Every structure is written in structure tokens, then in C-alpha cells.
Amino acid sequence: MKIKFIPIDYDYFDCEGRNWVRIVGRMENGKKALIVDSCDAYFWVILKDGLSDKKVDKVCERIEKISVEGKVRIGKVIRTEIASKRFLGKDVRAVKVYVNNYKDAHDIASQIDYDEVYKRREYDLSFVSRYIIDKGVKPLVWCDVEGEMISGDDFGGIGRVDVDVCLKAEKMEESKKQIEFKPRILAYDIETDEFEIGKGEIVMISLVGEDCKKVLTWKNGNKNYIKNYSDEGEMLGGFVEEVKKYDPDILIGYFSDGFDLPYLRARAEKNKLKLNLGVDDSQPVFSRGRMMSGKIKGIVHVDLFRFIRTAYSQYLQSESLSLNDVANELLGEKKVEWKHKHSSKIKKDEWNQYFEYNLKDSEITYRLMEKLLPDLLEFTRIIQEPLFNISRDSISAQVENYIIHHINEYDEIIEKRPYNNEIGVRRAEEKYEGAFVFQPVPGLYDHVVFFDFTSMYGSVIVSFNLSKSTLVEKEKNSFGIDIGKKVYFSKKPGFFSDMIGEMITKRKQVKGEYNKNPDPILRARSNAFKLLVNAAYGYQGFFGARYYCREAAASTAAFARKEIKNVIDMIEKKGYKVVYGDTDSICFERDNRSKKEVLNLLKEINEKLPGIMELDLEGFFKRGIWVSRRNGDVGAKKKYALIGEDGRVKIRGFETVRRDWCGLAREMQNKVLGLVLNEGNEKKAVDYVRGIINKLKKREIEIDKLIIKTQLKRPVEDYKSINPHVSVAKKMIEKGMLVNVGMLIEYYIAGDDKKRSLVRDRARMVDDSKEGNADYDVQYYLRNQILPAVENIFEIFNVDVNSLLDGERQKGLGEFS
DNA sequence: GTTCGAGTCGTACC
DNA sequence: ACGGGTACGACTCGAAC
């Protein structure tokens with residue numbers, strides 16, 4: 001039988017001591033298919049240089065005799081092969097050791113500790129990765145499959161699955177013709193009586209897909225999308241039934257790894273039911289790790305929250321990654337308003353609102369997925385790991401997987417993952433010097449220009465060939481750099497910088513295509529490359545990386561510092577005054593010179609930059625403001641505001657953009673910055689601030705503008721210093737409220753500070769049940785929130801902010817001198 | 001009991 | 001434990017008086 005097939009979900013199983021891969025995907029006609037296939041399981045033994053052929057043969061003979069006895073099977077070496085390969089850029093001779101089961105590779109490898117052996121590698125790859133690499137059956141890439149139908153009890157019952165076609169593959173190859181693929185997506189969300197997993201009952205479950213809008217419940221409701229059940233257990237059965245009927249490729253939730261799926265599983269158990277969502281009727285499986293991941297066989301369970309956090313959060317400006325904040329920013333949608341309470345406390349006429357709320361959550365999740373799907377698909381295609389992993393992997397894992405799936409072209413044996421003791425050593429290493437930040441002089445600057453380097457660290461890695469495999473002792477064909485000690489890198493290109501270079505080239509190309517044809521897929525592809533390139537630097541400095549290289553990371557930062565300083569010099573030599581710069585950006589005054597002249601300068605600089613490094617025009621700005629540091633009189637770094645020629649204000653680092661300042665201070669500072677930048681003077685801003693101060697003094701400010709939000713980053717008992725938010729969190733726990741690590745603690749400061757008591761003792765949680773909450777400490781808000789937010793801005797205009805307190809305008813000394 | 005520098009903590013920038 | 005370093009600034013802690 002021959003089919004055209006797109007692989008979506010992969011897993012493996014053992015049958016008769018051998019490893020098999022099971023792939024679930026779709027056929028061209030939209031039907032679901034399951035393919036069973038296999039590949040060799042093996043690892044590499046790299047030999048020391050200069051061994052005689054005879055000695056090598058002897059090593060192979062010894063290896064072939066190895067067997068390890070496990071609980072369920074005996075691990076054996078099937079055969080060996082001698083090959084010429086490369087390892088970290090050097091030619092090596094290596095033995096390819098084939099084993100009957102990949103899970104025994106590690107144990108077998110550890111027995112091969114002979115004198116002739118240099119290293120043992122690739123015993124730590126997952127079988128699915130091995131399969132994808134060796135067979136070239138890539139996720140979400142159409143392939144032509146030839147195979148035999150299997151059914152019933154084949155492979156220990158693997159054929160007993162709920163798919164349309166089930167094949168054992170004989171031949172699989174990438175299709176010449178790739179057609180568009182639209183996965184079938186279903187979003188879900190549950191509502192429960194308690195927040196703790198499995199503690200209370202699940203009262204409703206919403207499902208949203210293409211032409212699907214449902215709320216399953218055993219409570220009474222009369223909306224047309226509601227499906228009624230008699231009790232929780234029946235509803236859970238109905239959920240499984242509805243999911244299977246919809247037949248999704250991808251089931252998505254928001255924070256569903258940590259809440260919805262484990263909750264469903266726990267309640268099914270309580271009801272003595274099976275949550276048999278898998279194509280083989282299996283239940284979801286939760287992998288242990290720092291974070292639980294819920295896996296369903298044959299359906300890719302995606303927790304959108306996790307993908308957004310790793311791949312998207314850096315582009316978001318919302319203050320939290322809650323569904324509401326993210327949906328609001330990306331879709332302009334908000335959740336239905338609903339205050340959580342136990343179902344026994346919900347009044348009859350409130351239930352419909354609750355159902356609406358539940359349905360809306362799934363709708364938002366579904367629409368978010370529509371928006372992010374191109375990114376997920378492109379990440380998957382580029383990195384070539386299964387979607388399940390792509391949606392959950394950390395950024396370092398994404399970089400590493402890209403390397404693993406593209407290294408074959410270099411004939412390289414893959415470096416191993418570090419052991420715990422190596423991680424310990426790496427983490428104990430001293431920090432190295434990072435980026436250069438220009439010391440600004442406080443002031444208001446007219447007509448400023450920003451230049452920035454495109455993908456600076458990536459382009460430095462490529463231009464100077466900085467990686468583990470190119471780090472060498474001082475030699476003829478190398479060059480050195482000082483990172484506290486002198487280190488050298490070969491001029492001969494290595495695979496790491498080669499790969500990064502290729503990604504930069506591809507990105508440029510895709511971006512060019514996108515500009516001609518703004519297709520979301522192209523945009524997603526360009527973004528994926530950009531993200532991977534930018535993460536390559538962090539990857540080399542990350543202690544958990546296979547290709548960890550502190551010297552390369554430190555050298556990347558060192559070369560970057562050198563280059564940006566060079567460019568600053570070049571700009572200053574042309575007579576411009578540089579105002580600021582951070583890592584890869586430079587800001588300078590244009591004075592009365594034309595834009596054309598500035599662009600000529602840019603061109604001139606670019607001709608002198610090394611390798612593939614490139615400087616770009618970020619923009620021309622009408623005005624910019626830099627303020628002084630609160631402690632000391634020099635200019636503050638990483639804090640500035642700009643106004644573009646279109647009137648748009650761009651604020652960096654100021655309290656306005658910090659979520660741990662109260663709304664009033666932030667809004668006011670934002671307004672002040674806008675006024676000052678627009679007007680070029682402080683007059684309107686001063687009047688405005690005076691108004692705010694008076695309102696606050698008269699307690700006319702609503703409490704919700706005075707709430708301070710701070711994240712609880714660890715369990716309360718782990719804190720050495722009890723700051724206000726920790727103190728509030730403790731009070732919340734005492735009250736029996738649910739306090740999770742990672743949540744935002746909201747509080748305000750009450751009472752009066754006559755007694756100089758600690759702030760934390762006056763920090764109060766926001767109590768909705770109380771009317772007014774008008775007991776806030778006016779003095780605290782004036783001295784610790786309002787004045788600090790504008791003090792350094794007005795200082796530039798010689799306005800002493802204390803003079804605003806009593807409503808009288810005073811001028812600083814500077815005005816009279 | 002007050003004062004002040006050091007240390008802790010969270011958040012932002014790139 | 002699951003990218004890096006640089007930087008600001010509020011607040012607490014605790015030694016010194």
C-alpha cells in the first residue's frame with residue numbers, strides 16, 4: 001500500500017527487545033494514519049589517534065562481546081563498524097556500535113572504557129531524534145510511504161488503535177510535492193470548585209474548534225451550546241467522547257500542563273473512570289521534570305502558555321503571561337468577567353455568566369493558537385523535533401536540537417550532554433565581562449539618531465568563528481582575544497558558526513521574500529531564525545549545553561564591546577556627539593546635519609566592519625531624555641525616553657514600564673515624559689503633577705491606582721529578607737488563600753509612617769469586600785512613589801520637586817547662576 | 001534606639 | 001537546572017554607635 005502522509009506525533013515502543021517508532025499523522029484525504037517504523041540503534045566509540053588497524057580490530061572484537069543484563073532484557077551489541085568521522089572539527093576514527101535496544105546504549109558504552117578509547121558519544125540521544133535524523137522522516141513534512149497494512153495483534157497490539165490506516169513502513173521518503181497542511185485543532189478549558197489539583201469537582205468543560213462551540217456540564221444551564229450530563233463522571237466520559245468525535249491533531253489549553261489535564265486525570269481517577277483520550281485508548285501520561293508535561297498518544301497536547309513563554313514573551317509587553325493579558329495584547333480580546341467562587345455559592349442567575357466565561361476562555365485559546373500556529377509549525381519544520389517538544393522546549397534546547405538535526409552535513413559526531421558534576425563545575429566558574437553600556441549625561445537632546453547592529457552577537461560569532469570546536473591553542477592560523485586571559489580561535493570555519501551564518505543568510509532571504517509577499521508563514525520563519533540566532537550566544541554560555549564554551553561566550557561579548565567602541569569612535573571623529581549606547585545600539589545628536597549625511601556615515605562605517613557584521617539605522621528621533629541616577633549624580637543607564645518624528649513616545653527602563661510601581665506613579669510619569677518630549681520644556685508637566693499631588697492629598701485617588709504588584713519568586717519560607725510582598729503573601733497564606741510561586745502579589749501601603757515602622761508592616765492585601773479602602777498612606781505614596789517617579793525628570797529643568805508639595809513653584813540655584 | 005552601609009530582591013535592557 | 005551579563009532602585013538586615 002502507498003500513501004502520502006504527514007507526520008505529526010511521534011513516540012516509540014519496544015517489541016521483542018527492539019525499538020520501534022510509531023508516528024501518527026494525516027493522509028492527503030484528511031484521514032488519520034499510523035505508521036510503524038524503525039531504525040538502527042547505535043552509538044559511537046571514538047578512538048585515540050595512531051592506533052594500528054590490528055588494535056582497532058581487537059577493540060571491535062571486545063566490544064562485540066559485551067552484554068549487559070537488565071531487569072527486562074539483555075542488552076547486546078549486534079555488530080560494529082569502523083568509520084572516519086569528525087568530532088569537534090577534527091578528523092577521527094570511530095567505531096559505530098549497533099545495539100539491540102537504544103536504552104542499553106548508555107550501559108554498554110560505560111563498559112567501553114579501554115585505553116584505546118578517546119570518547120564515547122551519542123548514547124544520550126532520544127530514539128525519536130535518532131529516527132528523524134537517520135531516516136529523514138521530518139515532522140510536518142509530507143512524505144510518501146510504502147508499507148504493509150497491520151492490524152489487530154501485530155506488534156503486541158499496536159494495530160488496535162483508532163485510526164483509519166495503520167501501516168508498517170517499508171519505504172518512506174520526502175514527497176517532492178509539498179502541499180499546505182491545516183491541522184485540526186481543538187481548544188479546551190475547565191472550571192473547578194477548588195484550585196488544588198483534583199481537590200474539588202470539575203463543574204464544566206468548554207471545547208472550541210472549527211465549527212465547534214460547546215460547554216459540557218452537569219450543572220443546570222440553558223444556553224444552546226451547553227451539553228448536559230447527570231454528574232461529573234458522566235461529563236468526563238462525555239469529554240472523551242467529544243474529543244474523539246472531533247478527532248483533533250492538536251489539543252490545546254492554556255496552562256493545561258499544570259492545571260486542566262492533570263485535574264481531568266485526577267477527577268477521572270476519583271470517579272473510577274479512564275480518561276482514555278489516546279488513539280490506543282491510553283490515558284494521558286505526565287512526564288516528570290521541573291515542569292509536568294501532559295502527553296496524549298496520537299494527539300499533540302499543546303500548552304500554549306509554555307510556547308508563549310519561551311518563544312514569544314520577549315516580544316510581548318504585557319505585564320503577565322496570563323491568558324487575559326496575552327489575549328488582550330495579541331488579539332485585543334478580554335475574558336468574560338467572572339469572580340471565582342465555589343459552585344455552592346453561585347446564585348441561579350449567575351450560572352449563565354459562568355458558562356460564558358468558560359466558553360470564552362477556550363475561544364480565546366483557540367484564536368491565540370490560530371495566531372501562533374505559523375510560528376509553531378515553522379519552529380517544528382526548522383528544528384525538526386516533534387511538535388510536542390517544540391511547544392515546550394526551552395530556548396537552549398531549541399538551539400541544541402537545531403544543531404543535532406543539522407550536524408550530519410558536517411559528518412560530526414554529536415557532543416554529549418554534560419553530567420551533573422560537569423554542570424557543577426561550569427556553574428561555579430566566574431562570570432565573564434558582558435556588554436558595554438555608554439555612560440550618558442543627563443539632559444534633553446534634540447534630533448537624535450539611533451544606529452544598531454543587526455543580530456550583533458550572532459554576527460560576531462560568525463565573523464570571528466567563536467565556538468567550542470574552533471577554540472585552539474595559539475597557532476599560526478589563529479587569532480587571539482583577551483577575556484581576562486588570552487584565548488585563541490582558529491580561522492578555519494567551524495560547524496557552529498557555519499550554522500549560525502547559514503541561519504542569518506536564510507533569515508535575510510526569507511525577510512526579503514516576506515517584504516514582497518507578507519505571508520504569515522514567511523514572517524514566522526524569519527522570526528524563528530532570528531530567535532535561534534539571538535539565542536546562540538546565550539547557548540554557548542549556558543552550563544547545560546552540549547556545546548558549552550565559556551571562552552567563546554566571553555569572546556563574543558569582548559569582540560562586541562570592541563566593535564561598538566570602534567563605531568562610537570568613528571562617529572565622534574566625524575564631529576557628532578554620542579549620547580548613549582547599550583550593547584548593540586548607538587545614539588548620537590544629529591545637530592543640524594542632514595539625514596542624508598547620516599546615512600552616508602552609516603554606509604562608510606559598514607564598509608569598515610569585519611566579517612558579516614552590519615550596522616543599521618534604527619531611527620531618527622525628534623527628541624530624547626536621559627536622567628540622572630537616584631544614588632549619585634551621573635546619568636542612569638538603561639533609562640531613557642524618545643519621541644519619534646511621528647510623535648510616538650518610546651520609553652525604556654523608566655518606572656512607567658515597571659510593573660512593581662503603582663499605576664498612579666506610572667501613568668503620571670508616562671504623561672510627564674510625553675509632555676516634556678513634546679513641548680521641549682517642563683511647564684505643562686509641572687502643572688499636571690501639582691494637580692495629581694493635590695488629588696492624592698485629598699484622597700481623591702482610587703485605591704486600584706495605588707496597588708503595587710510584585711511577583712513571589714519562591715516559597716515564602718525561602719526568603720532571607722522579608723520584603724512587603726513576602727509579608728503580604730504570608731498573611732494571605734494565614735487566611736487560607738491559595739498562594740503559588742510565580743504569582744503576582746498585590747498590595748497597598750496603609751497607615752501612617754510617623755513611627756518609621758517598616759514598610760512591610762503597613763503593606764496590606766487588597767480586600768475587595770471592604771468598601772473604599774481609603775486608609776492608604778498619603779505620605780508614603782507621595783515620597784515613595786509620586787515624587788521619585790518625576791524627581792529626576794524635573795531635575796533636568798532645575799525644578800525641585802519638593803517645591804510642588806506645598807503648591808509653590810521654586811527655582812533651583814542653576815536658574816539664577 | 002538610631003544610623004548607615006551591605007545585602008537581598010525584583011524588574012528591566014539588550 | 002533547563003540562554004547570558006549589566007543596571008537601577010526599594011527595602012531589610014544588622015553592626016556600630
Side-chain angles (χ1 to χ4, degrees), chain A residues 289-291 306 309-311 314 317 319 392-400 417-418 420 422-424 426-427 430-440 452-453 455-457 531-532 534-550 552-554 556-558 560-561 564 580-585 618 627-632 634-640 650-661 708-714 718-727 744-745 749 755-763 780 783-785 788-789 791-792:
Chain A
R290 212 174 47 83
M291 196 149 186
R306 295 185 67 173
R309 190 180 52 183
T310 54
Q314 61 167 323
Q317 44 179 25
E319 271 156 40
R392 290 174 176 76
D393 279 346
S394 64
I395 191 67
S396 69
Q398 311 274 25
V399 172
E400 192 153 288
R417 231 182 267 132
N420 279 342
E422 291 170 283
I423 289 179
R426 293 176 181 184
R427 297 190 69 199
E430 224 177 299
K431 272 203 195 180
Y432 56 83
E433 188 180 344
F436 166 75
V437 187
F438 189 93
Q439 176 64 65
D452 62 7
F453 286 91
S455 296
M456 189 190 214
Y457 281 4
L531 197 81
L532 289 171
N534 286 341
Y537 157 71
Y539 173 79
Q540 293 202 100
F542 167 53
F543 53 76
R546 287 176 192 258
Y547 293 100
Y548 172 77
C549 185
R550 184 181 177 276
T556 307
R561 287 195 302 272
I564 194 173
Y580 185 63
D582 185 347
T583 312
D584 61 354
S585 69
E618 219 274 315
V627 299
S628 67
R629 243 168 50 186
R630 184 166 306 288
N631 304 311
V634 292
K637 297 172 175 179
K638 298 186 188 286
K639 259 179 119 166
Y640 60 92
K650 185 168 155 181
I651 298 176
R652 291 287 121 99
F654 273 107
E655 285 75 6
T656 303
V657 298
R658 294 183 62 92
R659 70 174 179 192
D660 55 351
W661 281 69
I708 299 163
K709 299 176 189 173
T710 311
Q711 192 182 21
L712 191 71
K713 305 203 72 139
R714 54 185 96 155
D718 288 4
Y719 282 90
K720 285 182 188 165
S721 175
I722 310 301
N723 285 347
H725 75 290
V726 182
S727 168
L744 281 180
I745 304 292
I749 307 302
K755 295 191 97 180
R756 285 174 196 268
S757 55
L758 293 173
V759 175
R760 68 158 176 246
D761 293 330
R762 292 180 284 122
Y780 172 84
R783 301 206 174 279
N784 296 45
Q785 296 275 326
E791 188 172 10
N792 295 329

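For clarity, every value in this text was computed on a predicted model and none was experimentally measured. Convention: sequence-line order gives letters A, B, ...; per-chain numbering from 1.
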Just checking A/Tyr457: base, sugar-phosphate only, or nothing, at a heavy-atom cut-off of under 4.0 Å?
-> nothing
Phosphate OP1/OP2 of B/dG10 contacted by A/Arg714 side-chain N/O (<4.0 Å) | yes
Side-chain heavy-atom pair A/Asp582, A/Lys638 within 4.5 angstrom cut-off | yes
Would you confirm whether A/Tyr539, through its side chain, and A/Tyr547, through its main-chain N or O, come within 3.5 Å as a donor-acceptor pair?
-> yes
Could you give the CD-to-C1' distance, from A/Glu400 to C/dC2, as a whole number of Å?
-> 10 Å
List in chain and number order the residues that pass side-chain contact (heavy atoms from CB on, under 4.5 Å) with A/Ala552, two or more places apart in sequence or in another chain; answer none if no residue qualifies.
-> A/Leu466, A/Phe489, A/Gln540, A/Cys549
Whole Å only: how far is the CZ atom of A/Arg426 from the C1' atom of C/dG3?
-> 13 Å
In whole Å, what is the span from the CD atom of A/Glu430 to the P atom of C/dG5?
-> 11 Å
Sugar-phosphate only, base, or nothing, as touched by A/Gln540 at under 4.0 Å among non-hydrogen atoms | nothing
Measure the CD-CG distance between A/Gln314 and A/Asn534 for me, rounded to the nearest 0.5 Å.
-> 7.0 Å
To the nearest Å, how far apart are A/Gln317 CD and B/dT11 P?
-> 17 Å
Would you tell me if any nitrogen or oxygen in the side chain of A/Arg630 comes within less than 4.0 Å of OP1 or OP2 on C/dA10?
-> yes
With sequence neighbours excluded, residues passing side-chain hydrogen bond (donor to acceptor under 3.5 Å, both in side chains) with A/Ser628 | A/Glu795
In whole angstrom, what separates A/Leu712's CG from B/dC9's C1'?
-> 11 Å
Listed by chain and number, what are the side-chain hydrogen bond (donor to acceptor under 3.5 Å, both in side chains) partners of A/Tyr580, not counting sequence neighbours?
-> none
State, yes or no, whether a side-chain contact exists between A/Val627 and A/Phe654 at a heavy-atom distance under 4.5 Å.
-> yes
Rounded distance in Å - CD (A/Glu433) to P (C/dA7) | 9 Å
Mind checking what makes side-chain hydrogen bond (donor to acceptor under 3.5 Å, both in side chains) contact with A/Arg550, not counting sequence neighbours?
-> none
Would you say A/Arg658's side chain and A/Asp660's backbone share a donor-acceptor pair under 3.5 angstrom?
-> no
Please examine the side chains of A/Glu319 and A/Gln711, heavy atoms only from C-beta on, and report whether any two atoms are closer than 4.5 Å.
-> no
Pairs: protein N or O with nucleotides 12-14 of chain B N or O, under 3.5 Å:
from   : atom 1 : to       : atom 2 : distance (Å)
B/dA12 : OP1    : A/Val657 : O      : 3.0
B/dA12 : OP1    : A/Arg659 : N      : 3.1
B/dC13 : OP1    : A/Gly653 : N      : 2.9
B/dC13 : O2     : A/Lys638 : NZ     : 2.9
B/dC14 : OP1    : A/Tyr640 : OH     : 2.5
B/dC14 : O3'    : A/Asp582 : O      : 3.3
B/dC14 : O3'    : A/Asp584 : OD1    : 2.3
B/dC14 : O3'    : A/Asp584 : OD2    : 3.4

Closest-nucleotide ordering on DNA chain C, the 5'-leading residue of A/Gln314 and A/Val634 = A/Gln314
Presence of A/His725 side-chain N/O under 4.0 Å of B/dG10 phosphate oxygens OP1/OP2 | yes
Select base, sugar-phosphate, or nothing to describe what A/Gly544 touches, counting heavy atoms under 4.0 Å on all strands.
-> nothing
Would you tabulate the nitrogen or oxygen pairs shorter than 3.5 Å linking the protein to nucleotides 11-13 of chain C?
from   : atom 1 : to       : atom 2 : distance (Å)
C/dC11 : OP1    : A/Tyr780 : OH     : 2.5
C/dC11 : OP2    : A/Asn784 : ND2    : 2.7
C/dT12 : OP1    : A/Val759 : N      : 3.3
C/dT12 : OP1    : A/Arg760 : N      : 2.9
C/dT12 : O4'    : A/Ser721 : OG     : 3.4
C/dT12 : O3'    : A/Arg760 : NH1    : 3.3
C/dC13 : OP1    : A/Arg760 : NH1    : 3.3
C/dC13 : OP2    : A/Arg760 : NH1    : 3.1
C/dC13 : OP2    : A/Arg760 : NH2    : 3.0

Whole angstrom is fine here: how far is it from CZ in A/Phe542 over to C1' in C/dG5?
-> 16 Å
Take atom CG of A/Leu531 and atom C1' of C/dG4, then tell me their distance rounded to the nearest Å.
-> 14 Å
